[in-house]
Amino acid sequence: MASDKLIQDADLSALSTFKLPARARHLLTLSAIEDLNLDVLSEPDVLILGGGSNTVFLSDWPGLVVLNQLKGLSARPDGNEVVVSVGAGESWHHLVCHCLDQGWYGLENLILIPGSVGAAPIQNIGAYGVELSSVIEQVVTWDRLAKETKVFDRNACQFAYRDSIFKHVANARYLITQVDFRLQTVFEPRTDYPSLKDALDRHKGGEVLNQDNTPMQQARTLAATIMRLRRHRLPDPNRIANVGSFFKNPIVTMDQLNALIENFPDLPHWPVTDPHLGQGAKL
């Protein structure tokens, strides 16, 4: 491959939000689809990076680091919905803001989550009562071993609580190149999450449901409230090194939940379907 596409003995300290010192044997910045055919991508010991907010380097990386910078955004109207196709290297937060500006709804509760679009489906990001899986149309990937494009529809992604098929395929076989979302052009706010509902009540959140305001004004009020909550709980990774929120609620079986509720009737819980557990609950 051309020498200008591969950096040897690359410094990785600026490529993760913790900014820990680390180096990689090789670094490839992936910014064009045609680069997916490069032989180096089929090598073992490949680490794929997006925004670096979910990566902590404990030592140098012995193989290739791929910085996914595939960009682009297009939209296709479909009745009261719109299918938005986004390059994996786009900023997640910037995507949510752009969709708000366009009047495409469904991502508001996920605003200000650090990282890239391509990283979002891997752990099925979620916040304030909304999970990414609810708006995914499909995930387009590059199969590094077969050297071909493979498309996963929502069911094939095997989404669960902070989980997907992409977390369980060895050696990052599938490199996500594009994510397609099915969003709404009619705003339907999701405000039932307890801390969000409380914040809306305390900060004129009634505007979210105020029919005198436009749907975009309502959506912006909801998004602004969620950003205020996130900034109160988490430091800005651009100012204080951190990996964002990495807390994961425990998942229990229905039998375990029923036993707990006998002793703790007010225990908060939410139903979940886990591909490994089946029907259960998130505490």
Distance-only polar pair, side chains of [X] and [Y], donor-acceptor under 3.5 Å:
X    : Y    : result
Q178 : D180 : yes
N124 : E131 : yes
N213 : Q218 : no
D163 : H168 : yes
D11  : S13  : yes

I need the minimum non-hydrogen distance between [X] and [Y], along with the two atoms involved.
X    : Y    : answer
G106 : V130 : O-CG1, 4.1 Å
P121 : V179 : CG-CG2, 3.8 Å
A127 : R162 : N-NH2, 4.2 Å
Q123 : S164 : N-OG, 4.5 Å
T17  : G51  : CG2-O, 4.1 Å
I125 : W92  : CD1-CE2, 3.7 Å

Going through the distances and angles, do H98 and L107 end up as a side-chain contact (heavy atoms from CB on, under 4.5 Å)? CA-CA 10 Å; H98 177 77; L107 301 179; over 6 Å; no
Polar side-chain atom of [X] near backbone of [Y] as donor-acceptor pair, under 3.5 Å:
X    : Y    : answer
D78  : E81  : no
N68  : L70  : yes
S16  : V56  : no
H26  : L64  : no
S42  : D39  : yes
E90  : G87  : no
D198 : P194 : no
R154 : E137 : no
R144 : A172 : yes
W61  : D45  : yes

Quick one: [atom1] on [X] to [atom2] on [Y], what's the gap to the nearest 0.5 Å?
X    : Y    : atom1 : atom2 : answer
T149 : I33  : OG1   : CD1   : 7.5 Å
R173 : I165 : CZ    : CD1   : 10.0 Å
L200 : L229 : CG    : CG    : 8.0 Å
N80  : E188 : CG    : CD    : 9.5 Å
M216 : W104 : CE    : CH2   : 10.5 Å
K71  : S116 : NZ    : OG    : 9.5 Å

Is it true that, when you exclude R25 itself, more than 12 heavy atoms of the residues, nucleotides or ligands shown sit nearer than 6.0 Å to its CZ? no
Count the heavy atoms of every other residue, nucleotide or ligand shown that sit under 6.0 Å from NZ of K167, and state whether that count exceeds 12. yes
Are the charged groups of D9 and R23 less than 4.0 angstrom apart, N to O? yes
Do the side chains of D201 and K197 get close enough for a salt bridge, i.e. N-O under 4.0 angstrom? yes
I want to check something: taking the side chain as every heavy atom from C-beta on, are [X] and [Y] in contact at a cut-off of under 4.5 Å?
X    : Y    : answer
Q158 : F166 : no
Y128 : E108 : no
L95  : L73  : yes
L41  : L28  : yes
R76  : V82  : no
Y161 : I251 : yes
L100 : I111 : yes
H232 : M227 : no

Between L67 and L30, is the side-chain contact (heavy atoms from CB on, under 4.5 Å) condition met? List the steps. CA-CA 6 Å; L67 182 61; L30 185 65; over 6 Å; no
side-chain contact (heavy atoms from CB on, under 4.5 Å), that's the test. Do I226 and R230 meet it? Break it down for me. CA-CA 6 Å; I226 290 171; R230 292 191 65 85; 4.3 Å; yes
Is [X] linked to [Y] within one hydrophobic cluster, defined over Ile, Leu, Val, Met, Phe, Trp and Tyr using a side-chain heavy-atom separation of less than 4.5 Å?
X    : Y    : answer
L110 : Y193 : yes
I176 : V151 : no
F152 : F181 : yes
I48  : L6   : yes
I122 : Y174 : yes

Given the rule in the ring pair (Phe, Tyr, Trp, His ring centres under 6.0 Å) test, do F57 and F18 qualify, once you have shown the distances and angles that lead to the verdict? CA-CA 9 Å; F57 286 107; F18 256 145; over 10 Å; no
Given the rule in the side-chain contact (heavy atoms from CB on, under 4.5 Å) test, do V66 and L175 qualify, once you have shown the distances and angles that lead to the verdict? CA-CA 10 Å; V66 179; L175 188 159; 4.2 Å; yes
